[in-house]
**Student:** 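Structure in structure tokens, see below.
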Amino acid sequence: MDTYEKIIGLAKRRGFLWNSFELYGGTAGFYDYGPLGATMKRRIEDIWRDIYVIGEGFYEIETPTIGIEPVFVASGHVHGFSDPMTVCSNCDSAFRADHLIKGIVEVPDTLSAPEIKQLIDEHGIKCPQCGGVGTFGEVFDFNLMFKTTIGPGTQRMGYLRPETAQGMFINFDRLFRFYREKLPFGVTQIGKAYRNEISPRQGVIRLREFTQAEAEIFINPRDKNHPKFSMVRNAVLRCYPASHQQNDSEGGGDSDAAGDDRAAGVIELTAGEAVDRAIVAHEFLAYHLVLTNHFLVRAGVDPARLRFRQHQPDEMAHYAVDCWDAEVLTDRFGWVEVVGIADRTDYDLSSHANHSQHDLSVVLEYDTPKQVERIVIKPDMSMIGPLYKDKAGKVLAALKNLKEEDLNGDEISIKVDGEEIRIARDVVGYETVIEEVRGEDVIPHVIEPSFGIDRIIYAVLEHSFAEEIVDKETRSVLRLPAEVAPVQVAVLPLLTREELIDPSIKIVDMLRRSGILVSYDDAGTIGRRYRRNDEIGTPFSVTIDYDTLDDDTVTIRDRDSMLQIRVQVRELAEKVHAMMRSGFDSP
RNA sequence: GCGCUGAUGGUCUAAUGGCUAUGACUGGGGCCUUCCAAGCCCCAGGUCCGGGUUCGAUUCCCGGUCGGCGCACCA
């Protein structure tokens with residue numbers, strides 16, 4: 001049994017993760033979070049909020065999970081998020097149609113489905129599976145977005161969002177005002193996204209409905225330095241730069257098997273070095289690599305099984321400047337992407353500006369207004385008007401665009417509708433004025449860290465899972481950080497006796513009132529109950545014994561060391577809170 | 001989506017063309033028990049779905065669903 005099986009088995013048995021719709025036979029690509037899973041997920045999301053919403057001041061917004069068609073036309077998902085496919089009628093194998101004609105056309109992306117089909121037929125493409133010629137059926141587009149209709153009738157198309165990002169981009173102008181028209185600012189969203197995967201497998205690693213936590217940070221394209229970079233300059237990152245990935249068969253490599261040397265190309269360096277040596281494109285991106293690293297480790301990812309892999313140039317979206325994936329090492333799937341951190345430039349805002357016909361540029365005010373010398377051209381319209389009649393308007397516009405150097409000589413040459421027109425110099429007057437320019441129009445660039453919460457939860461489960469031999473028995477333990485454990489304290493009467501149960505119940509109430517997630521368990525022997533709690537990652541167990549009745553003390557038992565300390569009941573809540581922050585207080 | 005393969009209590013598993021479908025673990029109740037899955041008694045719980053063959057199907061056949069592996073896919 002490999003680790004994946006153990007984790008999924010444990011998660012199923014103990015109420016972390018269940019296959020959805022199991023009562024009706026189940027459906028691939030959907031998972032339910034059970035009581036412990038949902039609690040753990042919420043707590044991981046809260047760590048994320050603590051870092052991004054509170055720590056960075058990036059407010060969280062909430063936008064619909066259904067989007068209208070124009071949004072996804074602008075984002076490129078309607079056209080780009082689908083793949084042309086075709087099926088061989090002989091062996092029923094399905095193929096990417098554009099891949100079949102790769103050797104024939106340079107850019108198959110631009111072709112329509114019928115055009116691809118025609119090329120396949122003309123060139124007698126063989127089926128890679130069975131070798132059949134002329135066996136391919138029609139080429140059809142398979143779009144990975146779930147489609148629906150909005151309102152009665154079927155007129156208006158809607159799509160379930162394939163990412164949460166677009167909801168933030170299309171609110172840019174509102175957000176910019178909210179943040180009082182200053183760059184940089186950030187906004188976040190945690191929510192569901194949907195992709196109708198062709199063949200989802202690998203359990204929770206590839207889902208049709210999943211949770212994303214995304215931040216969109218709008219920055220000044222002229223200044224990608226980060227105001228707080230000095231605070232993270234010395235933070236160490238495990239980087240796997242594109243230039244070190246040559247030996248990998250594929251840049252992606254997220255699910256290729258084995259390979260113990262995969263760490264070979266990984267280098268450890270500080271964020272400062274990464275920027276100084278131009279390994280990471282700029283400070284803003286490096287700052288967010290560090291922040292991502294903080295978050296993942298705090299959530300319970302093993303730092304030794306975490307790396308930042310840079311996208312290869314051909315792997316990156318064409319508009320992106322630089323892109324890094326946080327990857328975690330898993331037992332069965334190898335390195336798996338859990339976070340993508342990209343500089344998306346002005347691609348999204350420009351595209352929405354074009355498609356929506358709304359200007360999304362902002363004025364960047366200079367610190368001090370610049371004095372700019374400018375010439376103002378003053379043509380004599382009483383001459384030009386009668387001379388050029390219906391063309392006069394265009395002539396005027398062309399003249400206004402002239403530069404000072406164009407005004408030398410006796411004649412001025414302009415082009416109107418491709419025709420050269422010469423105008424006597426003395427018809428056009430001009431003067432030089434000093435203007436105050438307060439700023440310039442720019443479209444902000446976007447830094448986007450995008451987190452796959454479900455994958456992170458799986459990674460945390462796997463990385464915190466351990467089996468150890470204690471007294472010849474195997475002890476399964478989830479070494480979850482106290483901050484993410486779905487049960488923080490188990491309260492256990494040493495024996496199932498009324499005189500111990502009564503004070504135990506009182507202690508449960510007391511701890512719960514102080515905000516601790518408590519479970520109470522009096523079934524079976526004390527050892528069995530410790531093991532049960534080890535398996536779900538409960539960091540501390542409080543045991544009530546006969547000494548409790550005498551001197552009002554209880555023991556606190558530490559999940560990881562299995563050691564115990566004795567504390568006064570009146571100090572218990574405070575001690576537990578302290579230990580959840582800074583670890584078990586060893587005897 | 002294609003090919004191969006599997007599916008029996010919550011979990012793991014045995015067996016079978018007809019008989020009360022096996023066992024372990026877990027779970028519930030009780031006895032015992034003064035700190036790391038001890039023991040004893042009792043209880044609950046199962047043949048993935050649909051169709052076919054058959055007097056009779058959990059078992060054989062076909063289709064579906066789900067899982068695993070390989071191929072393809074993973075903006």
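Numbers restart at 1 for each chain; the letters A, B, ... are given by sequence-line order, proteins then strands.
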**Student:** Can you tell me how far P of B/rG28 sits from CG of A/D522, to the nearest Å?
**Tutor:**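 Interatomic distance, CG of A/D522 to P of B/rG28: 9 Å.
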**Student:** Distance check needed: B/rC74 P versus A/R455 CZ, whole Å only.
**Tutor:**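 The distance from CZ of A/R455 to P of B/rC74 comes to 13 Å, rounded to the nearest Å.
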**Student:** Does the B/rC73 base have a donor-acceptor partner in the side chain of A/R206 within less than 3.5 Å?
**Tutor:** yes
**Student:** So, is A/T525 near the phosphate of B/rA38, with a side-chain N or O under 4.0 Å from OP1 or OP2?
**Tutor:**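 Yes, because at least one side-chain N or O of A/T525 sits under 4.0 Å from OP1 or OP2 of B/rA38.
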**Student:** I'd like to know if the side chain of A/D346 reaches the main chain of A/L349, judged simply by a donor and an acceptor atom lying under 3.5 Å from each other, with no hydrogens or angles considered.
**Tutor:**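 No, A/D346 side chain to A/L349 backbone: no donor-acceptor pair under 3.5 Å.
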**Student:** Under 4.0 Å: is that the gap between some side-chain N or O of A/R531 and OP1 or OP2 of B/rC25?
**Tutor:**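 A/R531 to B/rC25 OP1/OP2: no side-chain N or O under 4.0 Å.
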**Student:** Please state whether the rings of A/F169 and A/H352 are parallel, tilted or perpendicular, taking 30° and 60° as the class boundaries.
**Tutor:**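 If you compare the ring of A/F169 with that of A/H352, the planes turn out tilted.
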**Student:** Just how far, in rounded Å, is P of B/rA72 from CD1 of A/I198?
**Tutor:**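 After rounding, the reported distance stands at 13 Å.
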**Student:** Answer yes or no: does a side-chain N or O of A/R529 lie under 4.0 Å from OP1 or OP2 of B/rU33?
**Tutor:**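 For A/R529, the contact criterion (side-chain N or O under 4.0 Å from OP1 or OP2 of B/rU33) is not met.
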**Student:** Could you tell me whether A/E462 and A/K6 have a side-chain N and a carboxylate O separated by less than 4.0 Å?
**Tutor:**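 Between A/K6 and A/E462 there is no salt bridge, as every charged N stays at least 4.0 Å from the carboxylate O atoms.
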**Student:** Does a nitrogen or oxygen in the side chain of A/R13 sit under 4.0 Å from OP1 or OP2 of B/rC12?
**Tutor:**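 Indeed not, no polar side-chain atom of A/R13 lies that close.
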**Student:** Report yes or no: is there a donor-acceptor pair, N or O only, under 3.5 Å between the side chain of A/R201 and the base of B/rG70?
**Tutor:** yes
**Student:** Would you please test A/R206 and A/E197 for salt bridge (charged side-chain N to carboxylate O under 4.0 Å, His left out) and show each step?
**Tutor:** CA-CA 8 Å; A/R206 214 162 131 217; A/E197 298 283 356; 3.2 Å; yes
**Student:** Rounding to the closest angstrom, what is the interatomic distance between B/rG23 and B/rA57 at atom C1'?
**Tutor:** 24 Å
**Student:** Applying ring pair (Phe, Tyr, Trp, His ring centres under 6.0 Å), which residue pairs with at least one partner in residues 450-470 of chain A are found, sequence neighbours left out?
**Tutor:**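 Applying ring pair (Phe, Tyr, Trp, His ring centres under 6.0 Å) to every pair that reaches into residues 450-470 of chain A, excluding sequence neighbours, yields A/Y4-A/Y458, A/W48-A/F451, A/Y52-A/F451, A/F295-A/F451.
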**Student:** Decide yes or no, distance alone: a donor-acceptor N/O pair under 3.5 angstrom between the base of B/rC66 and the side-chain of A/T27.
**Tutor:** no
**Student:** Could you write out each protein N or O paired with an N or O of nucleotides 41-52 of chain B at a distance under 3.5 Å?
**Tutor:**
none

**Student:** Closer than 4.0 Å, any side-chain N/O of A/R497 to the OP1 or OP2 of B/rU33?
**Tutor:** yes
**Student:** So among A/T555, A/T553, A/T543, which one has a side chain to side chain donor-acceptor pair (under 3.5 Å) with A/R566?
**Tutor:** A/T553
**Student:** Which part of the nucleic acid does A/Q564 contact within heavy-atom distance under 4.0 Å: base, sugar-phosphate only, or nothing?
**Tutor:**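 Touches a base.
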**Student:** Ignoring hydrogens and angles, answer whether the base of B/rC36 and the side-chain atoms of A/R557 contain a donor-acceptor pair closer than 3.5 Å.
**Tutor:** yes
